[in-house]
2 protein chains.
Amino acid sequence: MEQVGSSERNRRSARGLSRDLVVDSALRFIDLHGAQGLSMRKLAQDLGVEAMSLYRYVTGREDILEAVVTRLLGGVTEALDTQLAQTWQGYLQTLAHTVRDLAMQHPRAFPLVATRHPAAPWLRPPLRSLDVVEHFLTTLTGFGFDDDRVVGVYRSFTSFLLGHLLLEAALHGAETSPVEEPMDEGDAQVGNRDADVVLPADSEVLRLRDKLSEDHGEEEFEIALETLLDRIELQVSQ
Amino acid sequence: MEQVGSSERNRRSARGLSRDLVVDSALRFIDLHGAQGLSMRKLAQDLGVEAMSLYRYVTGREDILEAVVTRLLGGVTEALDTQLAQTWQGYLQTLAHTVRDLAMQHPRAFPLVATRHPAAPWLRPPLRSLDVVEHFLTTLTGFGFDDDRVVGVYRSFTSFLLGHLLLEAALHGAETSPVEEPMDEGDAQVGNRDADVVLPADSEVLRLRDKLSEDHGEEEFEIALETLLDRIELQVSQ
DNA sequence: ACCTGAACACCGTTCAAGT
DNA sequence: ACCTGAACACCGTTCAAGT
């Protein structure tokens, strides 16, 4: 029951290579195998071509990774342009959810957005794109924030997104990811589905393990977002 | 005016290899050149030995990286054991600052602590160590938190640390890092010290660039930490 | 017991050469 | 104009061999 859907030009692109196609293909590859597994040679193979051909469209591997990030964040700018907000609260909420959707749809690519070295110190991950940051600053300024407050909000908002989404994406990506080791049967003091971590028999971690493993990503995100907005509101009204 | 100090057993360890020495050396290498640059061969060279010798003490590159993380977080447990706290607020404050100190002292190694795949879903970066998490859970339980609240605090506390420290470490690490490209002179529409980012002439980013580049890492960290503690206090008293 | 040489299967990237 | 073969300088890792 494999979906084939909208990716009919997957392999053997019949001689029509292009930068867009390379980046598309790279993103798809990363979604499946992670950025670590992406090599010029394997990517080329997916495209039915030799590795060296890619260098016509791309200056190298780093260029591809950067382009993938840009592609992902391009979607965020688009989303913000279509549904425009009436209040700064609405704007931040939409932006937060758009980025969260991105992280959930591309859990294995999101670490790139979140952890690649920013090109400049004012490009804070995961809002790692000039377009998005520009949009952010002009919008908040438009809602009456003065310079200091815009910058302050930018800082706290990015920290919030990074802290909440990177971890959630990692968990989400781990589930999706192919099993690397076929689970050695002999290490369990208790029923231990947690890979190679050995738990002492009388630990708090063990006692709280199930509760700790619960996924409350979404509601925690919502609550933390609300808290952040409240905090900003207080600053503004002062 | 180079400091030589306490690293007299740097290269050519005179035939006394050991796992600790390998991990030590790896951490020092990563502090200087980042984890990306670490190869078995170069690390071995630093130790005055061939690459294959390392496999006596270490199962491979991944094992080394994991051991470096463990070493770094081991220091956190120690710090917590020596100065023990009277209140949960004091505890969380000490822990937060200990992890922040770690991030600032090893900005190029900290991404490992923060972004490597956790071995289990309840090991949330950057508290990526069974010992630290166990310490955290027992301490808070000892201060009277019930199970749900301990777990909730664990979640929000880790998100807070990740969001604030990963970015700060990246900025801190970028300053320390060796210059990769010798800065092409011809791309500046304005005095542009920000690598290859080209700013449109009438952008908000350009106008706010200096303010955006200011480093308020520490005070933001303090403020956000206070806010978090306040929020927890509210939950507890309910 | 501890280290190594040689080898294997991979990398990214360059460049001259093919069509 | 677009693609490629061959080559270079690197990787991580294995294994039989040295001392």
Side-chain angles (χ1 to χ4, degrees), chain A residues 9-30 32-69 108-109 112 116-117 178 180-182 184 196, chain B residues 9-27 29-30 32-69 108 112 116-117 178 180-182 184 196:
Chain A
R9 72 272 192 268
N10 197 343
R11 58 188 58 181
R12 334 217 115 246
S13 69
R15 246 128 285 225
L17 219 44
S18 74
R19 184 174 170 99
D20 272 349
L21 231 165
V22 172
V23 177
D24 260 18
S25 199
L27 174 55
R28 211 153 37 224
F29 190 101
I30 292 171
L32 287 174
H33 311 106
Q36 191 109 56
L38 180 76
S39 80
M40 299 300 280
R41 286 160 138 112
K42 285 193 244 169
L43 180 57
Q45 201 178 3
D46 269 16
L47 288 162
V49 104
E50 299 298 315
M52 312 80 201
S53 308
L54 303 179
Y55 288 84
R56 282 267 140 194
Y57 307 95
V58 127
T59 71
R61 189 174 184 273
E62 285 299 296
D63 188 27
I64 293 182
L65 295 179
E66 211 54 44
V68 167
V69 171
R108 316 214 38 182
L112 289 177
R116 298 218 90 214
H117 245 87
E180 314 253 332
E181 291 164 296
D184 206 322
D196 38 279
Chain B
R9 70 274 195 268
N10 197 344
R11 58 189 59 183
R12 332 219 117 246
S13 68
R15 246 129 286 224
L17 219 44
S18 76
R19 184 174 169 98
D20 271 349
L21 231 165
V22 171
V23 177
D24 260 19
S25 200
L27 174 54
F29 190 102
I30 292 171
L32 287 174
H33 311 105
Q36 191 108 56
L38 180 77
S39 80
M40 300 299 280
R41 288 162 138 112
K42 285 192 244 169
L43 179 56
Q45 202 177 2
D46 269 16
L47 288 162
V49 103
E50 298 298 313
M52 312 79 201
S53 308
L54 302 179
Y55 288 85
R56 282 267 140 195
Y57 307 95
V58 125
T59 71
R61 188 173 185 274
E62 285 299 296
D63 189 26
I64 294 183
L65 295 179
E66 211 54 44
V68 167
V69 171
R108 314 213 40 178
L112 289 178
R116 297 217 94 212
H117 246 88
E180 313 253 334
E181 291 165 294
D184 205 322
D196 38 279

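Proteins come first, then strands; the chains are lettered A, B, ... in the order of their sequence lines, and each starts at number 1. Just so we're clear, the structure is a prediction, and the values are computed from it rather than from any experiment.
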Report summary line: Between B:A35 and B:I30 the two heavy atoms that sit nearest each other are N-CG2, 3.7 Å

Query - Nearest heavy-atom neighbours spanning B:I64 and B:A26 - result: CG2-CB, 3.5 Å

Atom-pair distance ([atom1] on [X]; [atom2] on [N]), nearest Å:
| X | N | atom1 | atom2 | result |
| --- | --- | --- | --- | --- |
| A:R61 | C:dC10 | CZ | C1' | 13 Å |
| A:Q45 | C:dC10 | CD | C1' | 13 Å |
| A:R41 | C:dT13 | CZ | C1' | 9 Å |
| B:M40 | C:dC10 | CE | C1' | 16 Å |
| B:L47 | C:dC2 | CG | C1' | 15 Å |
| A:Q36 | C:dC11 | CD | P | 12 Å |

Report task. Starting at the 5' end of DNA chain C, write a dot or bracket for each base, bracketing those in Watson-Crick or G-U wobble pairs whose two distances are under 3.5 Å and using | for partners on another strand. Result -> ||.|||||...|||||.||

Query raised in the report: A:K42 side chain N/O closer than 4.0 Å to the phosphate oxygens (OP1, OP2) of C:dC10?
Result: no

Query raised in the report: Who passes side chain to side chain donor-acceptor pair (under 3.5 Å) against A:E62, sequence neighbours left out?
Result: A:R116

Query raised in the report: With sequence neighbours excluded, what pairs up with B:D63 under the side chain to side chain donor-acceptor pair (under 3.5 Å) test?
Result: B:R19

Report summary line: Residues in residues 50-58 of chain B with a heavy atom under 4.0 Å of DNA chain C, by number, are B:E50, B:M52, B:S53, B:R56, B:Y57

Requested in this report: Indicate, with a heavy-atom threshold strictly under 4.0 Å, whether B:L38 touches base, sugar-phosphate, or nothing.
Outcome: sugar-phosphate

Query raised in the report: Quick one: salt bridge (charged side-chain N to carboxylate O under 4.0 Å, His left out) partners of B:R61, sequence neighbours excluded?
Result: none

Kindly compute the distance separating [atom1] ([X]) from [atom2] ([Y]), expressed to the nearest 0.5 Å.
| X | Y | atom1 | atom2 | value |
| --- | --- | --- | --- | --- |
| B:H117 | B:E66 | NE2 | CD | 11.5 Å |
| B:D24 | B:D46 | CG | CG | 12.5 Å |
| B:L32 | B:L38 | CG | CG | 11.5 Å |

Using residues 53-60 of chain A as the side-chain source, report each donor-acceptor pair under 3.5 Å to any protein atom, sequence neighbours left out, with the distance given to one decimal.
residue: A:S53; atom: OG; partner: A:E50; partner atom: O; Å: 3.2

